Amino acid sequence: MLDIKYNHKIVEEGKYTNWINKDYFLSGDNTKTPFSMILPPPNVTGKLHLGHAWDVTIQDIIARYKRMNGFDVLWLPGMDHAAIATEAKVVAKLKEQGINKYELGREKFLEKSWEWKEEYAQNIRQQWAKMGISLDYSKERFTLDEVSVKAVNHVFISMYEKGLIYKGKKIINWDPIAKTALSNEEVVYKDIEGAFYHIKYFIENTDEYLDVATTRPETLFGDTAVAVNPKDERYNKLIGKNVILPIVNKLIPIIGDEHADMEKGTGVVKITPAHDPNDFEVGNRHNLDRVVVINEDGTMNENALMFNGLDRFDARNKLIEKLKEEKLLINIEKITHSVGHSERTNAIVEPYLSEQWFVKMAPLAKKVLENQKNKKTKVNFIPKNQEKILENWMNDCYDWCISRQLWWGIRIPAWYKDNEMKVQVESPGDGWIQDNDVLDTWFSSALWPFSTLGYPDNTDLYNRYYPTDVLVTGYDIIFFWVARMIFQGLEFTGKKPFKECVIHGLVRDKSGRKMSKSLGNGIDPMDMIDQYGCDALRFFLTTNSAPGQDLRFDEEKVKSTWNFINKIWNASRFTLINTENIDEIKLTNLSFSDKWILTRLQQTIQSVTNNMNKYEFNNVGAELYSFIWDDFCDGYIEFSKFNMDKKSTQSTLIYVLTNILKLLHPFMPFVTEEIYSNLAIKENESIMISDYPKYNDNLVFADTINLMKETREFITKVRTIKKDNNIKKDSLFTFNSSNDEIKILISNCLKLNDDNIIIENQGNYNKLQIVSKTNILENNLVYYYKETEDEKNKIMNELNKEKDKLESSILKREKLLSNTGYINNAPKDLIEEEKRKLENEKLALEDIVKKIASYN
RNA sequence: GGAUUCUUAGCUCAGUUGGUUAGAGCACCUGCCUUACAAGCAGGGGGUCACAGGUUCGAGUCCUGUAGAGUCCACCA
């Protein structure tokens, strides 16, 4: 038997291990229809946060739901090596121990990185277990696994051969701390305090100068021109002349280029082709030299003359001093501007001319856009509006820099000897040296939906489970990952990698801020599990926002979810206590309330299933919450208390509870398993492998719904009257109904007995109020008691208020029903319903009017 | 500059293809230990759905505009 209170710690103990031991999470039953999902692989850099918890719970709900619906579910777990993120952490850890990455050497460093990976992978698996998620561990993958590396090499070589990958010298984002190139997506812009430095560039052979403003004065050593707009009448006559580059004292030309914006700054812009992407383009147009002035580590090089070897920011300060001395500095204008930072090391990113590998995006993006136009082959996003984000990005993207000057990752399969290059996996022979760089971590993750299944080999796994059915992830990762999986999937498998893409939002803190380490407002999901249990956390995370919307974390809500589970626990306790000796479930000779709750259950099953299929878990949550709490607990269980001698009641109790547990199981795997295991009658050894409830028309008694609604409203109304008028239990009153079952139900709920139900007479009592007539209850209820003059007035007020309300409502309905537009256009049943209500209200009004008259 | 989401009760949020008198949780008020649950039960109060127009028989929902908030992309000499 269940304890008096729900204890999540006891309930969750041991269940996950048991499920694993029973092989419930394994895929591979070929008699069933396959259903596959790939878990977005977390980085092996740290702990799972609430966003992960949300993401995996959505997937687990889908997996468990599909499994209970008879599918062979493959939910494939894995982790991402997270090239730069992990490398940065390992470097930092080594630094604490006084070890330098470069002194350690590539091989030793990789050993340390693998140690790190093993440690963190173990943490992550423990957290998955705590979350109760049903992953098929027999298929677990890592992005540096042999299968993954094989796919990556295959794809790289093939793209190179197709001309979709090329090596080129371009301006890329350079992280001077990690000393690697970054893609644009790995750069985060932050507003910081900076300045416009206005510098004098004297025009050759004159005393005149141009006022050139820059935020990065140290790059002036790399200036190879000054540009003005050809339409700018202030300056265009100067085009073709030279200016003297300050400090360096060499001559550079004044050129005319559209890039110079007349509205912006002074209208004059210095051109540094090696250190600015726009200037690079200008340089190409005008055939300018590209002078690199900064080293890989962010120090200045010999081109910076006396600042050679200084850090770029030191050099900036010293240069400004120098310019002041030379009277070349006009002024310093303080500004706040946004500056790119490395996502992982937080270093200020330097636009840097360097030779890197790129993926040519245009043809791939085009493929995605075209595929999205085809209803049959497109990836369906949930919610649908997220498709626009993808299209937006695909419409406007530039080539993807995929080489990283790191060690932790998949090494680029290119080999060099003298001036020759060969792109292949194996070394072409003696003297050939492999490219030192590794690939962007997203290059391997982009192949994840098929590399994990064995692609490019023709494996059974790949054939059975690809394309996958659903991918679940946050909208923040559409560019990084979703888009890239789609174009790689289309390019290499000829198919979309997943049929549906369920997008969720971000978890925010209580005041709506993003959760982040720097703000220190992060919540550890493991703490929440410890306090409220995994089931409460899961239900909270997945039922408190609409699809695609952000979720504000509120511990109070997790707490109230715990209360809900405790409620389920106690309803189960009640059911178990009263069905201990039952040996079969027999849904015959059903009472009115049995029929009603069974019908409500069927309605709930239908609606929940519908919402589950649409991934609208917030609706499922609301549906289950109100069915369980309002209908089952507050309604049916209360009614069952005076019907418990009936076999049908016991059967209905256990039948409805069993169905409730199954409907809840995808959301709350632990507590539903615990209660299920205590049922007197059950079909399976575990709820996990039981069948999901199916709508059953034989258990629908449609007419009970309105009857029960009216009955319960009536009961509420009487209680309200009693309460408002401070009527004690022993008051006398009467009501009548042609339906005996309803009569009994009301008597019981209102705790009436023969002594205080009277049909006639008032004795010492006065009439108090009559509850309005309804379809099922006739001339029904009168309370009697002695009242004071004040009370009398109060009652009259109430009656008049009720009368006014009815009158205005009737007027409104009559107006509506005489509106030909409404009659012609509104659905028929809606009009019928309206007419019915009008009739009822008229009856009720008649009643009230009579009562008011008799009162006086 | 472009895109996108949002604005509904004191707070946090739902609200399906337009269709009765707009819902929930928490908070609030009143009364109850009615043996499944006081982390509960019973009852109650609280919203001119940001604002202004428009379409419609009918708008929280669709369209246009305004204001405010968030996010992404681009720019940032």
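Residue numbers start from 1 in every chain, and the chains themselves are labelled A, B, ... in the order their sequence lines are given, proteins ahead of strands. Reckoned from all heavy atoms, side chains included, excluding hydrogens, waters and symmetry mates. Remember, predicted model here, so these are calculated numbers, not experimental data.
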Measure from the side-chain N and O atoms of A:T542 to the backbone N and O of A:F617, and report whether any donor-acceptor pair falls under 3.5 Å. no
Mark yes or no for whether A:D509, through its side chain, and A:M515, through its backbone, hold a donor-acceptor pair below 3.5 Å. no
How long is the line joining CZ of A:F553 and P of B:C13, in whole Å? 13 Å
Using 30° and 60° as the class boundaries, would you call the ring planes of A:F632 and A:Y636 parallel, tilted or perpendicular? parallel
Once the angle between the rings of A:F539 and A:F564 is folded into 0 to 90°, is it parallel (under 30°), tilted (30 to 60°) or perpendicular (over 60°)? tilted
A:Y352 vs A:H275, side-chain contact (heavy atoms from CB on, under 4.5 Å): CA-CA, chis, key distance, verdict: CA-CA 5 Å; A:Y352 194 69; A:H275 289 283; 3.9 Å; yes
Establish, with yes or no, whether the OP1 or OP2 oxygen of [N] is under 4.0 angstrom from a side-chain nitrogen or oxygen of [X].
X: A:K510; N: B:C11; result: no
X: A:N610; N: B:U16; result: no
X: A:T716; N: B:A42; result: no
X: A:K559; N: B:U12; result: no
X: A:Q549; N: B:C6; result: yes
X: A:K812; N: B:U21; result: yes
X: A:W629; N: B:A36; result: no
X: A:R552; N: B:U12; result: yes

Under the side-chain contact (heavy atoms from CB on, under 4.5 Å) criterion, do A:L653 and A:I597 qualify, and how do the steps go? CA-CA 9 Å; A:L653 269 175; A:I597 195 69; over 6 Å; no
Touch class at under 4.0 angstrom, heavy-atom based, for [X] against every strand present:
X: A:N618; value: sugar-phosphate
X: A:E841; value: base
X: A:F479; value: sugar-phosphate
X: A:A546; value: sugar-phosphate
X: A:D279; value: nothing
X: A:W393; value: nothing

Determine which bases of RNA chain B form Watson-Crick or G-U wobble pairs with both distances under 3.5 Å, and write the result as a 5' to 3' dot-bracket string with | for other-strand partners. (((((((..((((.....[...)))).(((((.......))))).....(((((..]....))))))))))))....
Do [X] and [N] have a side chain to base donor-acceptor pair shorter than 3.5 Å?
X: A:E638; N: B:A36; value: yes
X: A:K388; N: B:U4; value: no
X: A:K567; N: B:C37; value: yes

Are [X] and [Y] close enough for a salt bridge, meaning some N to O gap below 4.0 Å?
X: A:K334; Y: A:E193; result: no
X: A:R216; Y: A:E350; result: yes
X: A:R836; Y: A:E833; result: yes
X: A:D276; Y: A:K270; result: no
X: A:K812; Y: A:E841; result: no

Rounded [atom1] spacing from [N] to [M] in Å:
N: B:G60; M: B:U21; atom1: P; answer: 11 Å
N: B:C51; M: B:A59; atom1: P; answer: 15 Å
N: B:U55; M: B:A42; atom1: P; answer: 48 Å
N: B:U17; M: B:A27; atom1: C1'; answer: 36 Å
N: B:A3; M: B:A77; atom1: C1'; answer: 26 Å
N: B:C6; M: B:U61; atom1: P; answer: 13 Å
N: B:G43; M: B:C26; atom1: P; answer: 15 Å
N: B:A14; M: B:G53; atom1: P; answer: 28 Å

Without hydrogens or angle criteria, can the side chains of A:E186 and A:S183 be said to hold a donor-acceptor pair below 3.5 Å? yes
About how many Å separate CD of A:Q386 and CD1 of A:I503, when rounded to the nearest 0.5 Å? 5.5 Å
Value rounded to 0.5 Å, distance of CG in A:N678 from CZ in A:R573: 11.5 Å
Scan nucleotides 74-77 of chain B against the protein and return all N/O pairs shorter than 3.5 Å with their distances rounded to 0.1 Å.
residue, atom, partner, partner atom, Å
B:A74, OP1, A:Y398, OH, 2.3
B:C75, O2', A:K264, NZ, 3.3
B:C76, OP1, A:N278, ND2, 2.6
B:C76, OP2, A:N278, ND2, 3.1
B:C76, O2, A:S338, OG, 3.2
B:C76, N3, A:S338, OG, 2.6
B:A77, OP2, A:T215, OG1, 2.9
B:A77, O3', A:A213, O, 2.3
B:A77, O3', A:T214, N, 2.8
B:A77, O3', A:T214, OG1, 3.4
B:A77, O3', A:T215, N, 3.1
B:A77, O2', A:A213, O, 2.4
B:A77, N1, A:D261, N, 3.0

N/O contacts under 3.5 Å, protein versus nucleotides 54-58 of chain B?
residue, atom, partner, partner atom, Å
B:C57, O2', A:N819, ND2, 2.5

